[in-house]
Structure formats: C-alpha cells, structure tokens
Amino acid sequence: MNTRRRQILKELNLLPVWQQKSGTRKQNQSLESQSIEIRNLISPPDPAKDSQQRQEIHQMNWDQLRLAVSQCTACPLHQTRTQTVLGVGDENADWLFVGEGPGATEDAIGEPFVGPAGKLLDQMLAAIKLNRGQQVYITNIVKCRPPNNRNPNANEARQCEPYLTRQIALIKPKLIVALGKVAAQNLLQCEDSISSLRGKIHDYSGIPLIVTYHPAYLLRSLPEKAKAWKDLCFAQSTMQSITLGRL
C-alpha cells in the first residue's frame, strides 16, 4: 500500500476494514463498495484523456458504441460487473426512458429493467399504449451495476455520460422521461427534489424532458403510483402536442 493511499484510508477510518481477510458476505460486500469509493478518490480524472474519449464516442455508430461500453474500464464499476447494460428497444424511438443504473437481475441478463421494477415499467408503458421495443428505448445513467444497488456516484455518472449523450444523439427521441431523482438530476444537471421537478416540461439539449418516479421506488411506496400515473398522462399529452407541432 503506497503512502498516499494509506493516508486517505487513515483519514476515512477505513484501515481496519482493508486489513480484514475474512468475514460474512455482508462484510465482504461492504468492503467491495468501500474499495470502489476509495479508488474513485485516489484516481482523479485526466481532463485531456477525458476530452479525447468524449470526442471518439461522439463519432460512434451503434455497433461501435456497444463494443466501447462492453470494454469500458473508465471507472471502478467494471471490476464488479457481470456484464454491461447499454440499453434496449427501438433505436429510432420517439420515447426515451432513462433510469439510474442496472440492478442484480439486469447485471446478470444484460438488459435494463427486467426485474420487478422492469415488470412495473412495462405495465406503466402499457397504460399509455406503449411497449418496449416499439417506439420506446430504455437505458440508464450508468451502464454497470453499482455494488449493493447503491446510487451511482458523481464520478461514475460522469464517466458514463458520453455514452448516454451518444445514445440520445443516435436515437433522436421526441421526448425523454427521467425515471427517478438520480436520472433527473444527472440529465438536468441540478440538485432539485423530484417533487419540484415533476409536472413540468424541462429541456435537455432541445428535447422536452419529463420527470417521474422510478418504478423501484413505486414498488416500495404504492400510494405514489397515483402520482406516477398523473406524470404518464402528462407525458402522453406532451407527446401529442409535440406530434401536432404545438410544442
């Protein structure tokens, strides 16, 4: 262990954890998560390299983008993933739904929103006469699963942002729906609460954007489903306005 790493670990009171050689599964998962957080602190971004990578990604087609994401090692999340999760659906979709990051099932299968939250999302889509694969594309802010399903941190979101930006450029959606606070705050570059962002038409590089709750949150907070339904109706009416050229 080098001097700088030891100093950082000492300041964060993590040295005893790093010395642990065995323990329960829960303790090992905690160690894994803390290890990634420390590497993010120890390895600051290289602006020149970052700029070059962004320029390269900006020129990619879908096949090149899939390959680049599958081989990405830009942040420590690649060390704990099973596979990357780029997205799924119609690559010329009018509707783009963006969540925060893959969960355990998504990490295993390689497709976003395939667990219980995914089933609820499919039901939400069906309620406004949509389904994945037809005029709908679904993706996440980050393409690798954060350990223990935690929220992606700022560095992880920043490293994945060029991939998402390129996806949006290739899809050219008419409307973006941000699923949850993490997606909304990253797309809109803000720290506002989801309650203050709902019910409004926001702008993402000239594309209307609407915010609603993440399906995983709705599974834990069933009474909020009524609010999500209101958001979906708002999104549907917004799309109609866009189609008719009224927005």
Side-chain angles (χ1 to χ4, degrees), residues 62 65-66 69 81-146 149-152 160 163-164 167-168 170-187 194 197-199 201-202 204 207-240 242-243:
W62 276 111
L65 190 62
R66 289 189 192 92
V69 169
R81 74 187 179 213
T82 301
Q83 56 186 313
T84 55
V85 183
L86 177 63
V88 67
D90 186 344
E91 294 175 356
N92 298 295
D94 289 341
W95 293 78
L96 173 63
F97 289 79
V98 184
E100 59 189 51
T105 307
E106 290 78 10
D107 177 63
I109 296 176
E111 181 177 326
F113 288 92
V114 291
K119 292 179 180 179
L120 178 56
L121 177 59
D122 288 342
Q123 294 170 5
M124 293 166 68
L125 294 176
I128 53 173
K129 298 178 172 58
L130 294 173
N131 61 74
R132 68 171 70 201
Q134 295 183 3
Q135 284 302 312
V136 171
Y137 191 91
I138 304 169
T139 188
N140 285 301
I141 293 296
V142 297
K143 313 307 182 188
C144 297
R145 179 196 178 201
N149 289 349
R150 62 163 171 76
N151 292 337
C160 262
Y163 298 129
L164 178 60
Q167 284 179 290
I168 295 173
L170 289 168
I171 297 167
K172 299 181 177 63
K174 292 181 179 178
L175 179 66
I176 298 173
V177 179
L179 300 169
K181 181 178 70 174
V182 174
Q185 290 181 342
N186 276 279
L187 287 166
I194 192 167
L197 294 172
R198 290 180 53 252
I201 299 176
H202 304 274
Y204 176 89
I207 304 171
L209 183 150
I210 287 174
V211 176
T212 190
Y213 295 106
H214 193 286
Y217 170 77
L218 295 175
L219 290 174
R220 302 189 302 268
S221 306
L222 296 180
E224 303 287 31
K225 283 188 175 182
K227 294 180 181 178
W229 170 242
K230 185 176 180 180
D231 295 336
L232 291 175
C233 291
F234 179 48
Q236 188 177 43
S237 65
T238 300
M239 179 62 84
Q240 291 173 348
I242 294 170
T243 303

Next item on the list: Any chance you could measure E111, atom CD, to Q83, atom CD, to the nearest 0.5 Å?
Entry: 10.5 Å
Margin query: Does either side chain, that of Q123 or that of K225, offer a donor lying less than 3.5 Å from an acceptor on the other one?
Written below: no
Checklist line | Evaluation steps, side-chain contact (heavy atoms from CB on, under 4.5 Å), between L187 and L164 | finding: CA-CA 10 Å; L187 287 166; L164 178 60; 3.8 Å; yes
Notebook entry, point to check: What pairs with K227 under salt bridge (charged side-chain N to carboxylate O under 4.0 Å, His left out), at least two apart in sequence or on another chain?
Noted result: E224
Check: What closest approach, in Å, do P112 and N140 show between heavy atoms, and which atom pair accounts for it?
Finding: CB-ND2, 3.7 Å
Next item on the list: Please round to the nearest 0.5 Å and tell me the distance separating atom CG of L175 and atom CD of Q236.
Entry: 11.0 Å
Margin query: On a heavy-atom basis, which atom in C160 and which in I141 lie closest, and how many Å separate them?
Written below: CB-O, 3.3 Å
Note to self: Once salt bridge (charged side-chain N to carboxylate O under 4.0 Å, His left out) is applied, do any residues pair with D122, and if so which ones, sequence neighbours excluded?
What the structure shows: R132
Checklist line | Distance (rounded to the nearest 0.5 Å) between I128 CD1 and N131 CG | finding: 11.0 Å
Show the atom names and distances, to 0.1 Å, of all donor-acceptor pairs under 3.5 Å that link a side chain in residues 85-100 to residues at least two apart or in another chain.
residue: D90; atom: OD1; partner: N92; partner atom: N; Å: 2.8
residue: D90; atom: OD2; partner: Q135; partner atom: N; Å: 3.2
residue: E91; atom: OE2; partner: R66; partner atom: NH2; Å: 2.2

Checklist line | Sub-4.5 Å side-chain heavy-atom contact between L179 and V177 | finding: yes
Next item on the list: Could you walk me through whether K181 and Y217 pass the side-chain contact (heavy atoms from CB on, under 4.5 Å) test, one step at a time?
Entry: CA-CA 10 Å; K181 181 178 70 174; Y217 170 77; over 6 Å; no
Check: Which value, rounded to the nearest 0.5 Å, describes the distance between I138 atom CD1 and L121 atom CG?
Finding: 5.0 Å
Check: With a 4.5 Å heavy-atom cut-off, do K174 and M239 have their side chains touching?
Finding: yes
Notebook entry, point to check: Taking all non-hydrogen atoms of both residues, which atom of I201 and which atom of P208 are closest, and how far apart?
Noted result: CG2-CB, 3.9 Å
Check: Between C144 and P102, what is the shortest heavy-atom contact and its length?
Finding: O-CD, 3.5 Å
Check: OG1/T139 to CD1/I171 distance, rounded to the nearest 0.5 angstrom?
Finding: 7.5 Å
Next item on the list: Applying side-chain contact (heavy atoms from CB on, under 4.5 Å), run through F113 and K119 and close with a yes or a no.
Entry: CA-CA 7 Å; F113 288 92; K119 292 179 180 179; over 6 Å; no
Check: D107 side chain to T82 main-chain N or O, any donor-acceptor pair under 3.5 Å?
Finding: yes
Notebook entry, point to check: If you measure from CG on L130 to CE on M124, what distance do you get to the nearest 0.5 Å?
Noted result: 11.0 Å
Notebook entry, point to check: Under 3.5 Å, is there a donor-acceptor pair between the side chain of H202 and the main chain of V211?
Noted result: no
